[in-house]
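Structure, as structure tokens:
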Amino acid sequence: MKTLLLGGTVVSAAGERRADVLLEGERIAAVGGNLPAGDARVVDCTGKLLFPGFIDGHTHFDLEVCGTITADDFATGSRAALRGGTTMVVDFAAPDRGESLASGLARWREKAEGKAACDYGFHMTIDDWNEGISRELDTMAAQGITSFKMYMTYPAMMIPEGDMYRALLRLKEMGGVAGVHCENDGVIRVLTAEAKAAGRLSPASHPRTRPAPLEAEAVGRLLRLAQLADVPVIIVHLSAKESLEEVRSARRRGQTVYVETCPHYLLLEDGVYDNPEYMEAARFVCAPPIRKAADREALWAALSRGEIDTVATDHCSFTTAQKRAGRYDFTRIPGGLPGVEHRGMLLYTHGVAAGRITAADMCRVLSENPARLYGCWPRKGTLSPGSDGDVVILDPAVSGLITAGEQAQNTDYTPYEGWKTACAIAQVYLRGRLAVDHGRVLDTQGQFIFRGKNQL
């Protein structure tokens, strides 16, 4: 099967150029001007932008949180991802404390196999450290799992700093990379106890008990551990301008630090927690919390300067009914937001169309850098001969409207209800096959993607 995408503008991290793209089987056969159609099916892409398939390096499908399970499993979450142009997700396999990494990985592969509509890989969460876990890291790499996650908050998942340091040394030895959730857990617990004792139980207390300095302090602490271990690290879902300063300081020292942020930190402000309607405010509870306008603008500026490497979603979806578990206590609200479906359109609308970033920047943080960072370049993340035929055809001439009623995400709300978009995802190809046609998700089968070492 051959498909010729004719007359579009191909976007890469290096820029834009007018070129045709020939898909043959599952791969890209050629990219260039005036390619002969031959026996290929021709798709007119005049006036449209052709991006490599977007990669979301931070999703949580079918995950237990606060005694409930995320609203999106791999079936619904991956279909929503595809609809928004994301052709690959890297989800977090989270073993229970005391469980082996192999057992945790087996459970997550079972969750995804035969259900995922887009391609997928896994990060492995490390919430414990011992000789057995250390030995398993090589086994994980042999199975295509080369990125790992550690927490500096959440008692059920965080590990002591001494063990974190040992894990960083071991990851350096075997060539893996760690993404770290950075917040100061001890002070958060104190602030939370004070708020509850004073009867301040509404969602408005959520950002006040997890303020930006506690993220920045943890980022700085992690980066000093990474400096001592002489190993790169990823700061996941960075949300605050103070945290950016800690990253800049580390980079000036010569450290390699990768930074991920999310659309909700680029687009929303902490006033959402002050909504007098309790459940409206509860919908926005996530960690780190949504920050202030100054943080949002600092993130956009950093994005335009290339200081932020990836924009992922931290998609962790719940329905309003699930959020209602914390109706009288903000600490019981399941934390997380839906977002995997709308990331590309939001970044184009509020970034590229608004003049904050270029289309090349968008390709860098949504496609190329995630592919390099997570070890699947050049199979993914580029429109080049031999790469997978993952293509997003974005139409900047068509506007749209985001509403919960029209989304594929398995939730009854979206943080961006009523927001206009300055583009539409016209079509999406997954490994050479049409997967989305003007909002309609077709039958596709995602594959597990074996990943190698970080190449960013």
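In what follows, residues are counted from 1 in the order of the sequence shown.
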K241, R356, R291, K292 screened by salt bridge (charged side-chain N to carboxylate O under 4.0 Å, His left out) with E297, the one that passes: R356
Ion pair check, R109 and E113, cut-off under 4.0 Å: yes
Listed partners of Y416 passing ring-ring contact (aromatic ring centres under 6.0 Å, His included), at least two apart: W419
Other residues, nucleotides, ligands: >12 heavy atoms within 6.0 Å of E406 CD: no
Close aromatic pair by centroid cut-off 6.0 Å: H58 and H315: no
Close side-chain approach of Y265 to D295, heavy-atom, < 4.5 Å: no
Pair D329 + R324: basic N to acidic O under 4.0 Å: no
Q447 side chain to D119 side chain, donor-acceptor N/O pair below 3.5 angstrom: no
E64 side, atom CD; D96 side, atom CG - distance, nearest 0.5 Å: 8.0 Å
Q322 CD to T320 OG1 distance, which is reported to the nearest 0.5 Å: 9.5 Å
Residues D128 and R97 bridged, charged N to O under 4.0 Å: no
Over-ring placement of K323 relative to F318, 6.0 Å and 45° cut-offs: no
Side chain to side chain contact (heavy atoms under 4.5 Å, CB included) between I333 and Y278, worked out: CA-CA 11 Å; I333 300 170; Y278 191 102; 4.2 Å; yes
Check: S317/D72 side-chain N/O donor and acceptor closer than 3.5 Å: yes
Donor + acceptor pair across side chains of T153, D185 (<3.5 Å): yes
Spacing of SG belonging to C262 relative to CG belonging to L299, to within rounding of 0.5 Å: 9.5 Å
Distance-only donor-acceptor check, side chains H123 and D91, under 3.5 Å: no
Salt-bridge contact D390-K380 (side-chain N to carboxylate O under 4.0 Å): yes
Atom pair CG/NE2 of L238 and H181 - distance to nearest 0.5 Å: 11.0 Å
E110, CD: over 12 other non-hydrogen atoms inside 6.0 angstrom: no
Option passing side chain to side chain donor-acceptor pair (under 3.5 Å) with D56 (candidates T313, T86, T310): T313
Nearest-0.5 Å distance that lies between atom CG in L244 and atom CD1 in I308: 5.5 Å
Cut-off 3.5 Å, no hydrogens considered: what does the side-chain donor-acceptor table look like for residues 154-164, sequence neighbours left out?
residue : atom : partner : partner atom : Å
E161    : OE2  : R221    : NH1          : 2.1
D163    : OD1  : R166    : NH1          : 2.9

Short side-chain donor-acceptor distance under 3.5 Å, E16 and S12: no
Pairwise distance CH2(W300) to NE2(H350) - rounded to 0.5 angstrom: 8.0 Å
Salt bridge present between D73 and K115 (N-O < 4.0 angstrom): no
Greater than 12 external heavy atoms within 6.0 Å of R18's CZ: yes
Exercise: do T76 and R79 side chains pair donor with acceptor under 3.5 Å: no
S147 and F122, any side-chain heavy atoms less than 4.5 Å apart: no
E417-T403 side chain donor-acceptor pair, cut-off 3.5 Å: no
Short N-O contact, D309 and R251, less than 4.0 angstrom: yes
Aromatic centroids of F284 and H264 separated by under 6.0 Å: no
